[in-house]
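As structure tokens, the structure follows; a few thoughts come after it.
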Amino acid sequence: AEGWRISLTDEQLPEIIDRLVSEMTHSETVLAIVQRLNDEQREALAFVLAQGPVKAHVLTRKYGQVRRLGAGRLEWEAAWEQPVSVAERLWFLGLIYREYVLAQDYQGEVFGVPPEIQRLLPAMHVLEPAFSVRSAAEPSLVRDEQDALGRDVFVVLSHLRNHDVRARDAVLAKHELERIRNRLTSTHRQRLRLLWRICQQARLVHKEDGSWQPTESAATWLKGSGLSRRGALFQTWLADAGWNELCAMPSVRCEDTGWQHDPIRAREALLGHMGKCPLDVWLDIASLVSAIYDADPDFLRPDGDYDSWYIRDAESGNYLLGFASWDRVEGALIRYLLEQPLCWLGVVALGYAQGAERAAVFKLTATGSALLRQRQAPTIGEEAAPSQEPVQRIVLRPDLSILLPSAVSWYDRFLVERFATWVEDDEQRSRYRLDGDSVARALSRGVTVAQIQAFLRRATGDRVPVKVQRALKAWEA
């Protein structure tokens with residue numbers, strides 16, 4: 001009442017309430033109280049009005065706390081005369097109220113402007129910081145993995161098709177990795193774990209009689225276009241709630257004390273912010289982290305609970321508690337997502353200063369731009385869009401070598417792997433060799449020479465050298 005300059009005499013409580021409601025819902029009185037607010041108080045009121053209801057921790061972080069005071073302390077201290085914060089000043093004036101809400105991603109207190117006052121407030125504007133990421137010069141060194149992860153998935157699928165592999169659930173056994181090491185683009189342990197995880201989650205592989213084998217979904221994936229293949233791997237990762245990047249970061253150690261987080265939400269939030277960035281421009285990673293700190297600091301912890309997640313710094317062992325540790329948890333996670341899964345999936349290219357171990361800049365690739373626009377790429381197992389790439393023929397030579405141009409269907413390449421031995425890859429083509437051992441391996445796994453001949457006639461445009469035909473007959477005998 002004092003804040004609104006309402007004089008109260010000896011009225012009873014019901015009469016006092018009626019008087020306050022009457023005065024506080026009068027347009028001229030509301031305009032007068034708003035005019036008496038200082039600039040920061042008006043800004044806070046405009047913020048709650050625009051954002052409301054506002055989560056309590058967000059309002060506290062921006063405009064200070066609203067204390068919980070019992071009736072006795074409230075009266076004894078006359079706390080309304082000296083509020084401890086901008087937010088508390090609005091609270092004592094009755095311009096904002098507090099309530100508890102239960103929502104899908106948040107359970108806790110929120111602050112809002114009473115509806116009776118909202119409709120009487122003048123137009124109010126709050127200047128939110130613009131989401132802006134600083135551009136950067138062309139880096140000295142560029143890391144662009146493009147379709148490398150997809151090519152490694154292809155290698156794994158081919159290996160499983162041709163051998164009895166009894167892998168653990170988490171990753172291929174070391175001796176199996178050694179057999180294909182020279183064909184993989186990277187043997188980074190965490191990358192291999194992600195590759196195998198995607199293969200399982202996308203149902204590209206399954207166990208059959210104790211051995212891992214490619215599935216029908218793998219055939220569908222192989223028949224798709226380059227973008228649909230990459231999109232399917234990306235979408236599988238994006239929707240995987242069981243893959244925990246936060247606790248995989250080497251800079252922290254997570255303690256399992258019952259707290260939980262949603263890795264999908266964190267990925268979606270980062271991608272949403274990346275979608276606001278300019279395309280085909282190198283951008284400063286530190287600037288992206290700062291922009292998210294300003295615009296969406298609670299992307300990982302929507303309830304604002306920075307004190308009950310037991311996360312230690314890996315080097316010092318100290319707990320990273322409180323909002324002050326944001327850069328070493330949330331900031332580190334943003335950098336990790338860029339440098340590992342998003343780079344491995346071909347969504348971003350990374351730039352490094354000469355001699356630096358950590359990336360300083362990033363750029364959305366053409367694939368990344370397409371996936372952010374679509375966001376819902378075909379998932380593996382659905383009917384993928386057929387490849388629109390130009391049809392190129394396999395070249396079969398009399399010396400029993402097989403040349404596959406880079407544009408040859410991945411499914412045809414997969415079929416060649418069943419009866420031929422890989423020799424080498426380069427940017428233009430892959431080279432294989434027909435030999436007795438490779439054909440014998442195929443025959444032992446149920447493939448017939450007639451099937452091999454029929455495939456070669458189709459894939460080469462019926463240009464199968466006589467020497468090759470004779471060799472196949474001899475190996476069949």
Side-chain angles (χ1 to χ4, degrees), residues 55-58 60-61 65 100-110 167-174 187-198 200-201 236-273 285-286 288-290 292-345 357-359:
K55 296 173 183 176
H57 65 273
V58 174
T60 299
R61 193 182 301 147
Q65 67 170 321
Y100 193 90
V101 299
L102 296 174
Q104 183 176 4
D105 63 350
Y106 180 72
Q107 298 181 14
E109 288 185 341
V110 297
R168 296 174 297 173
D169 285 343
V171 69
L172 289 171
K174 288 183 178 180
T187 55
H188 186 289
R189 179 169 177 77
Q190 193 66 5
R191 184 179 180 276
L192 290 174
R193 291 176 66 88
L194 177 61
L195 182 156
W196 187 243
R197 173 79 179 185
I198 288 175
Q200 291 180 292
Q201 291 296 109
T236 300
W237 164 76
L238 183 60
D240 187 357
W243 184 256
N244 188 340
E245 286 94 357
L246 176 63
C247 294
M249 293 195 302
S251 61
V252 303
R253 295 289 180 268
C254 296
E255 294 184 0
D256 184 7
T257 56
W259 60 272
Q260 296 180 341
H261 86 289
D262 183 355
I264 297 176
R265 178 187 173 87
R267 296 171 200 142
E268 289 277 12
L270 175 58
L271 293 171
H273 292 304
I285 292 176
L288 174 68
V289 173
S290 295
I292 294 175
Y293 177 89
D294 290 336
D296 186 19
D298 301 324
F299 76 95
L300 182 63
R301 300 184 245 200
D303 60 358
D305 181 2
Y306 291 85
D307 295 314
S308 67
W309 289 27
Y310 286 82
I311 303 173
R312 291 182 184 268
D313 178 80
E315 185 175 345
S316 68
N318 295 331
Y319 283 112
L320 301 175
L321 299 175
F323 190 68
S325 296
W326 189 94
D327 190 63
R328 296 164 73 185
V329 180
E330 279 80 356
L333 179 62
I334 294 168
R335 298 181 188 95
Y336 182 85
L337 288 168
L338 287 172
E339 292 181 348
Q340 293 210 1
L342 289 175
C343 181
W344 294 335
L345 289 159
E357 293 184 0
R358 301 293 302 272

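Here the structure is a predicted model, which is why all the values come from computation and not from measurement.
Remark: S290 engages no residue in a side chain to side chain contact (heavy atoms under 4.5 Å, CB included) (not counting sequence neighbours). The side chain to side chain contact (heavy atoms under 4.5 Å, CB included) search around D313 returns E315, S316, L320, R328, not counting sequence neighbours. In this structure D262 satisfies the side-chain hydrogen bond (donor to acceptor under 3.5 Å, both in side chains) test with no other residue, sequence neighbours excluded. Applying the ring pair (Phe, Tyr, Trp, His ring centres under 6.0 Å) test to Y306 and every residue at least two apart in sequence or in another chain returns F323. Qualifying side-chain hydrogen bond (donor to acceptor under 3.5 Å, both in side chains) partners for Y319, counting only residues two or more places apart in sequence or in other chains: E255, R312. Residues that satisfy the side-chain hydrogen bond (donor to acceptor under 3.5 Å, both in side chains) test with W344, not counting sequence neighbours, are absent from this structure. Considering only residues two or more places apart in sequence or on other chains, R253 meets the salt bridge (Lys or Arg N to Asp or Glu O under 4.0 Å) condition with none of them. Q201 meets the side chain to side chain contact (heavy atoms under 4.5 Å, CB included) test with R197, T236, D240; sequence neighbours excluded. For R267, the salt bridge (Lys or Arg N to Asp or Glu O under 4.0 Å) partners two or more places apart in sequence, or in a different chain, are E245. In this view, A359 and I285, E339, L350, Y352 satisfy the side chain to side chain contact (heavy atoms under 4.5 Å, CB included) rule, not counting sequence neighbours.
Summarising the geometry, atom SG belonging to C254 is positioned 6.5 Å from atom CG belonging to N244; distances are rounded to the nearest 0.5 Å. The NE2 atom of H188 sits 9.0 Å away from the CG atom of L192 when rounded to the nearest 0.5 Å. In this structure, CG on L333 lies 11.5 Å from CG on D327, to the nearest 0.5 angstrom. Here the straight-line distance linking atom CD of Q340 with atom CE of M249 works out to 10.5 Å at 0.5 Å rounding. Taking CG of D298 as the start and OH of Y293 as the end, the distance is 10.5 Å to the nearest 0.5 Å. To the nearest 0.5 Å, atom CD1 of residue I311 and atom CG of residue N318 are 14.0 Å apart.
Aromatic ring centres of W259 and Y310 lie farther apart than the 6.0 Å criterion allows.
Taking every heavy atom of both residues into account, P297 and R61 meet most closely at CG-NH1, 3.3 Å. Taking each heavy atom of P250 and A314 in turn, the nearest pair found is O-CB, 3.3 Å. Nearest heavy-atom pair across L300 and W309 is O-CH2, 3.7 Å.
Counting heavy atoms from C-beta on, the side chains of P263 and L246 never come closer than 4.5 Å. When side chains are defined from C-beta on, L345 counts as touching I198, because their heavy atoms get closer than 4.5 Å.
Not a single donor-acceptor pair under 3.5 Å links the side chain of K55 to the backbone N or O of Y106. Under a 3.5 Å cut-off, the side chain of R193 and the backbone N or O of R189 do not form any donor-acceptor pair.
Sorted by first and then second residue, the salt bridge (charged side-chain N to carboxylate O under 4.0 Å, His left out) pairs involving residues 301-310 (not counting sequence neighbours) are R301-E330.
Across R265, Q107, H57, a single residue satisfies side chain to side chain contact (heavy atoms under 4.5 Å, CB included) together with P302, and that is R265.
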Checking side chain to side chain contact (heavy atoms under 4.5 Å, CB included) for the pair V252/Y336: CA distance, chi angles, key distance, verdict?
CA-CA 12 Å; V252 303; Y336 182 85; over 6 Å; no
